[in-house]
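Everything on this sheet refers to the single structure shown next.
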There are 2 protein chains.
Amino acid sequence: MIEESSLIDFGAEKKFYAKEEYIFKQNQPALFYFQIASGEVKMNNYQPDGKEFIQAIFSAPRSFGEPPLFADIVYPANAMATQRSYIWRLPKSAFYNLLRQEPETHLKVSQAIAKRLHYKALMAAELAQQSPENRILKILDYLKFEVNHIVTPFGYKTDLTRQNIADLTGLRVETVIRTLKELEQKNEVKIINRKVYR
Amino acid sequence: MIEESSLIDFGAEKKFYAKEEYIFKQNQPALFYFQIASGEVKMNNYQPDGKEFIQAIFSAPRSFGEPPLFADIVYPANAMATQRSYIWRLPKSAFYNLLRQEPETHLKVSQAIAKRLHYKALMAAELAQQSPENRILKILDYLKFEVNHIVTPFGYKTDLTRQNIADLTGLRVETVIRTLKELEQKNEVKIINRKVYR
DNA sequence: AAACACTTATGATTACAGTCATAAATTAGT
DNA sequence: ACTAATTTATGACTGTAATCATAAGTGTTT
């Protein structure tokens, strides 16, 4: 996450995206550094059968889509605003200038990518194994501890829908609904009028 | 990947690891930057049921295990030498000095992490969906195109065993064996005396 | 207030990867 | 050269998540 003052100094513009509007699409090369000023962004893929896979959901002040700025690769997923959002957009060349002139900022960017990679590695291990219970708990725990920094039991109320959880874990809605009920039986989550607490 | 001259300048040592020797273990904090001089390293997790999941397999001159050097996180997986290997080991503080004094090297490191994240995102989308065929082809194509830069049809002969593929994709050996045969029927791979070509 | 869309829910059935058992072929170790 | 270990292979059976069908509850829009 880069300071707004730096973003402004190097010529970033704050651009508005309507709900459901694409910020970039899979397989495109990167032209900008993006950082959320307000709103929410999801990165996703669509499988051959049309099923959605959500890579991640980001909110302010997080950046996203950096990898193709560094390496000669294309976006591995789409990015779409899930709500009306304002997003800082800094052209690639200006981004490079910024990194060169502000080594500490470069470190922060590296840090952000490192965290993302860490999350992906954790999730990959969970996705590879079969158990729906573990997949779902991993996502909830990640959001609880790593993103929201909550430690009290059942202190985290998720705003993900069952369908969201399904799309994040690669499961089906029905399976998520059923597994959440089993997890409630096992006292791993609480469900209070349809809201999931972890 | 950092130049050996830089590594030496900043006090790295080239350490020997025997086959099967651990370089670091899951949940440990990072103390060193690692870069393979020779040999091969795999990063893996063990599931609750003892099943192995291979996060990645690296060979010279690649670096690995950088994320916890940048962010306040622990290793998400174990790293183990799969063969007798020599590995450059640079203490964290020296690594930071190097990044500060050689911005171009910092960029290269960012690039390496970016590529890894890209691969993880691609694989996550495949792992989340069910089809064994796609999981296997994704791994093979990644190794063919991204790692070995081969473009000719069936020009890539993998040295992964069926078990390796199973551990990389989260499938079972039997499923990999059967799926590979189906893929051969569909002319997606060739199998010439047990070796898989893609 | 009505209409519509979305989310949660449940039951029945199916498909398919996992599991288990066993063995042949190949490679590595002494 | 012989033994042991690993890798590849196949068949039979099982378990479980996906699929399909249907509906109730909740929220949003006009």
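Keep in mind that what you see is a predicted model, and the values were worked out from it rather than measured. Residue numbering restarts at 1 for every chain, and letters A, B, ... go by the order of the sequence lines. Just so you know, these numbers use all the heavy atoms, side chains as well, and skip hydrogens, waters and symmetry mates.
Between B:Ile136 atom CD1 and D:dT8 atom P there is a gap of 12 Å when expressed in whole angstrom units. Whole-Å rounding puts the B:Lys195 NZ to D:dT8 C1' distance at 11 Å. For the pair A:Leu160 CG and C:dT8 P, the interatomic distance rounds to 10 Å; values are reported in whole Å. If you measure from atom CD1 of B:Ile177 to atom P of C:dA25, you get 15 Å, rounded to the nearest angstrom. In this structure, CD of B:Gln83 is placed 12 Å from P of C:dA28, rounded to the nearest angstrom. Look at CD on B:Glu182: it is 13 Å from C1' on C:dA15, rounded to the nearest Å. When rounded to the nearest whole Å, the span between CG of A:Asp159 and P of C:dC6 equals 18 Å. Atom CD in B:Gln163 sits roughly 11 Å away from atom C1' in D:dT8 (whole-Å rounding).
Applying the 4.0 Å criterion to OP1 and OP2 of D:dT8, one finds that B:Arg162 has a side-chain N or O inside that range. The side chain of B:Lys181 contributes an N or O atom lying less than 4.0 Å from OP1 or OP2 of D:dT10.
With no hydrogens or angles considered, no side-chain donor-acceptor pair links B:Lys42 and B:Gln55 at under 3.5 Å.
For A:Glu133, the salt bridge (charged side-chain N to carboxylate O under 4.0 Å, His left out) partners two or more places apart in sequence, or in a different chain, are A:Lys186. For A:Phe53, the ring pair (Phe, Tyr, Trp, His ring centres under 6.0 Å) test picks out no residue, with sequence neighbours left out. Every ring pair (Phe, Tyr, Trp, His ring centres under 6.0 Å) that A:His106 has, sequence neighbours left out, goes to B:His106. The ring pair (Phe, Tyr, Trp, His ring centres under 6.0 Å) check on A:Tyr119 picks up A:Tyr142, with sequence neighbours excluded.
A:Lys115 has no carboxylate O lying under 4.0 Å from a charged side-chain N of A:Glu146, or vice versa, which leaves the two without a salt bridge. Classification of A:Arg89 and A:Glu13 as a salt-bridged pair holds, one side-chain N sitting under 4.0 Å from a carboxylate O. The pair B:Glu174-B:Arg162 does not meet the salt-bridge criterion, since no charged nitrogen lies less than 4.0 angstrom from a carboxylate oxygen.
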Sugar-phosphate atoms are those with a prime plus P, OP1 and OP2; base atoms are the rest. Using that split, label each nucleotide of nucleotides 18-30 of chain D B, S or - for protein heavy atoms under 4.0 Å, 5' to 3'. SBB----SS----
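Helix-axis bend for the helix from C:dA1-D:dT30 to C:dT30-D:dA1: the local axis fitted to the five terminal pairs at one end deviates from that at the other end by 60°, rounded to 10°.
Comparing B:Lys19 and B:Pro132 against DNA chain C, the residue whose closest nucleotide sits nearer the 5' end is B:Pro132.
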Working for side-chain hydrogen bond (donor to acceptor under 3.5 Å, both in side chains), residues A:Glu102 and A:Ser6: CA-CA 9 Å; A:Glu102 300 186 6; A:Ser6 295; 3.1 Å; yes
